[in-house]
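Below: one structure, written as structure tokens.
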Amino acid sequence: MASNSTKSFLADAGYGEQELDANSALMELDKGLRSGKLGEQCEAVVRFPRLFQKYPFPILINSAFLKLADVFRVGNNFLRLCVLKVTQQSEKHLEKILNVDEFVKRIFSVIHSNDPVARAITLRMLGSLASIIPERKNAHHSIRQSLDSHDNVEVEAAVFAAANFSAQSKDFAVGICNKISEMIQGLATPVDLKLKLIPILQHMHHDAILASSARQLLQQLVTSYPSTKMVIVSLHTFTLLAASSLVDTPKQIQLLLQYLKNDPRKAVKRLTIQDLKLLAGKTPHTWSRENIQALCECALQTPYDSLKLGMLSVLSTLSGTIAIKHYFSTVPGNVSSPPRSSDLVKLAQECCYHNNRGIAAHGVRVLTNITVSCQEKDLLALEQDAVFGLESLLVLCSQDGNPGAQATLKIALNCMVKLAKGRPHLSQSVVETLLTQLHSAQDAARILMCHCLAAIAMQLPVLGDGMLGDLMELYKVIGRSATDKQQELLVSLATVIFVASQKALSVESKAVIKQQLESVSNGWTVYRIARQASRMGNHDMAKELYQSLLTQVASEHFYFWLNSLKEFSHAEQCLTGLQEENYSSALSCIAESLKFYHKGIASLTAASTPLNPLSFQCEFVKLRIDLLQAFSQLICTCNSLKTSPPPAIATTIAMTLGNDLQRCGRISNQMKQSMEEFRSLASRYGDLYQASFDADSATLRNVELQQQSCLLISHAIEALILDPESASFQEYGSAGTAHADSEYERRMMSVYNHVLEEVESLNRKYTPVSYMHTACLCNAIIALLKVPLSFQRYFFQKLQSTSIKLALSPSPRNPAEPIAVQNNQQLALKVEGVVQHGSKPGLFRKIQSVCLNVSSTLQSKSGQDYKIPIDNMTNEMEQRVEPHNDYFSTQFLLNFAILGTHNITVESSVKDANGIVWKTGPRTTIFVKSLEDPYSQQIRLQQQQAQQPLQQQQQRNAYTRF
């Protein structure tokens, strides 16, 4: 019987297959809390964090925490411990508690218990709530009292609470600082308690005076208590305090370097290195040249590899920041030593060939960063040292399959990419080294090396042709086994081949890749290679691979997805047959491409599901279809100059209308329509860009390039035909100067520049519209379409997921029902929202603020028409709110003076850290019915009743006349 009741409780609680609404789920958990069995009570308590995650709005969270506070008040210590853990797990939901006073009152009642364990749990609970009750004096008093307790458990809990309140409250930190100082310096305080009290001082950074007093105390502790544990804890607290208060960071760096140099204990040295690395990452600009010099001297003198590795890791962190430029800069009045002869360079050169891989990796990284950052002329020897160091490290790590060697190899390969980008003349030797080593390396190392080759080839495409021969030879001999590493290697090598081949794969390359893939039974590998082919514009290869996968999927949605990809690849392949000056074949190629695109969009729609609507993919493809149709229409318009030349009276019509362009006949109006259509497409691409908050930068750049293509053609039409006199080329001229990150972008940029040059050379040279103008437009279209479209990562894969969930109050029980409000009152609409993230929040961009736009429109009128001011007829408001712990809330006052049903729309958009606005949605709608207020209604009825006898009297008078 008991098992049945437990099973039904769990099933009804909504954690099995059944999905319940928020109230039902809370009621089921409440039923568990009231159970007489301790096990069921505990199980109900630990289910609350999932409930908060699923329904993260204040009304539910407030009720749930009040129930948990009741359990905490009346339950045993184990239940209290469970409630404490739930509170700590749900820290970001605490500020949504509405009745904070009532919640704290129930928790705080346990502080007066005779049980020291219950008091200890309560203190930890109060410490966990410090963010919402930082200035509660009764909590402050209880913590101070408990620090004097004779029970160790209670004292430790008081220390935890004191640390949390010190971080949140300036008043508490000021008040407790002297108390902690007395306890630490008191002889009666045990050493282990002192070690727990010292870290509280890291939170004494609320003002300069407090930070200074805490720093003085720590200085006394370091000198007064020279034992290893005390020195380690005091120094680390010292560092954290300096990092938070910022003013004493240079002094702290000097202190740490002093201990590193003079203290013989390895544990203290390790701690100082760890803290120096923390400060190097957080405040590199505070490191002086003397600091770096002192660290270099310590590293050169130490005989221990572990300490040398730590010091080099600090130096490698600093070498990638502004500190390295300070180190090599010449101070006025002080002759600087040249970079080659400095201790830092000497240390890095020594360590490049060290038998410890980690030390060698950091040495190489320091040399690489110096080579890339410092532009002095006498760096030729340093460049060679960096290259030779990288080569030796590559040979050493590529033969070793253990994880440590792989981590070191990643550092070396990152340095190679950085060196190739910063010093392009060194890239050839780097690529040759990689290709040579690729044949003898382990599979895990080969994968990483392929990624490195692909990154270098993307930056410097001239190196691609030289790689192909070696890569194809390697592709023939790998992939005989079906291990995961082999599969990954096949994908990585294929990616490098696609990048290196630049424009199109040769027949031999296709044959080699297909032959290898036929012997591999893993369909996922084939799909990943096909996806890379689509990204790199090798659509003929991608089409064949997608075709081979169609029969290997178990789901109908997957079949339609693969079929749509196959059709899109086929459609893009049709455009490869375009030829300049051959406009009739261009029209047939575009028509053929559109046929496959329409098939593909039908499959793509069938592949979408409610959970995965594929909205970006559908919109991107629809825009591509519309763009191709616009191109086709423009070519037909250009051809109409030959098929339908202007009539003989066109000049007379133009003179009559005062529009010189009318002498060209109907083509002038058609060109105007085409220009408007391309501008409309550019606007739609802009909307797609704004809606793609979670897209990676390469995908967004791709969308931007499509938008620029539309703007380019519309500008060309305007400059050549519609308005040659006022056309300006200055704002378009700088488009090609930006650095291109991919081959697709590079080729598109060269097309833009070429088209602009052609348009500029024709502009004002011939009177519009001549065959030269139409030929220029058609050639521009063909040049744009000859660059194979790149389907970027976001089309296939969503690495970041961000969504906003809105809740409006008041809200009707039934969405179709309107909310009743009197016309002489204003409606206070409260909008609450929760930002929900996927597994990698903030990978590409983070939400800084949410913009809420509220508008209302009158759906249907009721009653008489009164003269109402125009301001009272509509509501249009906008507010910006910054989410805190992924939650935001705001209110709007809306006026509904006109009787009838009003439609209120709340739409949200977000602003990222760079100030860019993204139209992420959602869009929520509710209905409001504006009713006449009772007093006005009563007066109106009285007036009507008073008018009725008068009307009846008038009617009688009319009858008597007759």
Could you verify whether a donor N or O on one side chain and an acceptor N or O on the other, from [X] and [Y], lie under 3.5 Å apart?
X	Y	answer
Lys92	Tyr887	no
Asn885	His93	no
Glu290	Gln254	no
Asp385	Gln349	yes
Ser181	Asn178	no
His362	Ser316	yes
Gln202	Thr237	no
Asp886	Gln836	no
Ser849	Glu882	no

| task | Please test Asp101 against Arg136 for salt bridge (Lys or Arg N to Asp or Glu O under 4.0 Å), starting from the C-alpha separation and ending with a verdict. | result | CA-CA 10 Å; Asp101 292 338; Arg136 292 287 168 123; 2.4 Å; yes

| query | Under 4.5 Å between any side-chain heavy atoms of Gln293 and Leu344, yes or no? | reply | no

| Are Leu129 and Phe103 side-chain neighbours, meaning at least one heavy-atom pair lies under 4.5 Å? | yes

| When you check the gap from the basic side-chain N to the acidic O, do Arg106 and Glu102 get nearer than 4.0 Å? | yes

[X] atom [atom1], neighbour heavy-atom count above 12 within 6.0 Å:
X	atom1	result
His150	NE2	no
Gln53	CD	no
Lys85	NZ	no

| request: Report the C-alpha distance between Tyr304 and Lys269 in whole Å, list the side-chain angles of each, state the deciding distance to 0.1 Å, and finish with yes or no for side-chain hydrogen bond (donor to acceptor under 3.5 Å, both in side chains). | output: CA-CA 11 Å; Tyr304 301 108; Lys269 286 181 185 286; over 6 Å; no

| task | Hey, could you give me the OG/CG distance between Ser227 and Leu195, rounded to the nearest 0.5 Å? | result | 7.0 Å

| request: Might you work through the side-chain contact (heavy atoms from CB on, under 4.5 Å) test for Phe52 and Gln89, ending with a clear yes or no? | output: CA-CA 10 Å; Phe52 297 155; Gln89 282 178 29; over 6 Å; no

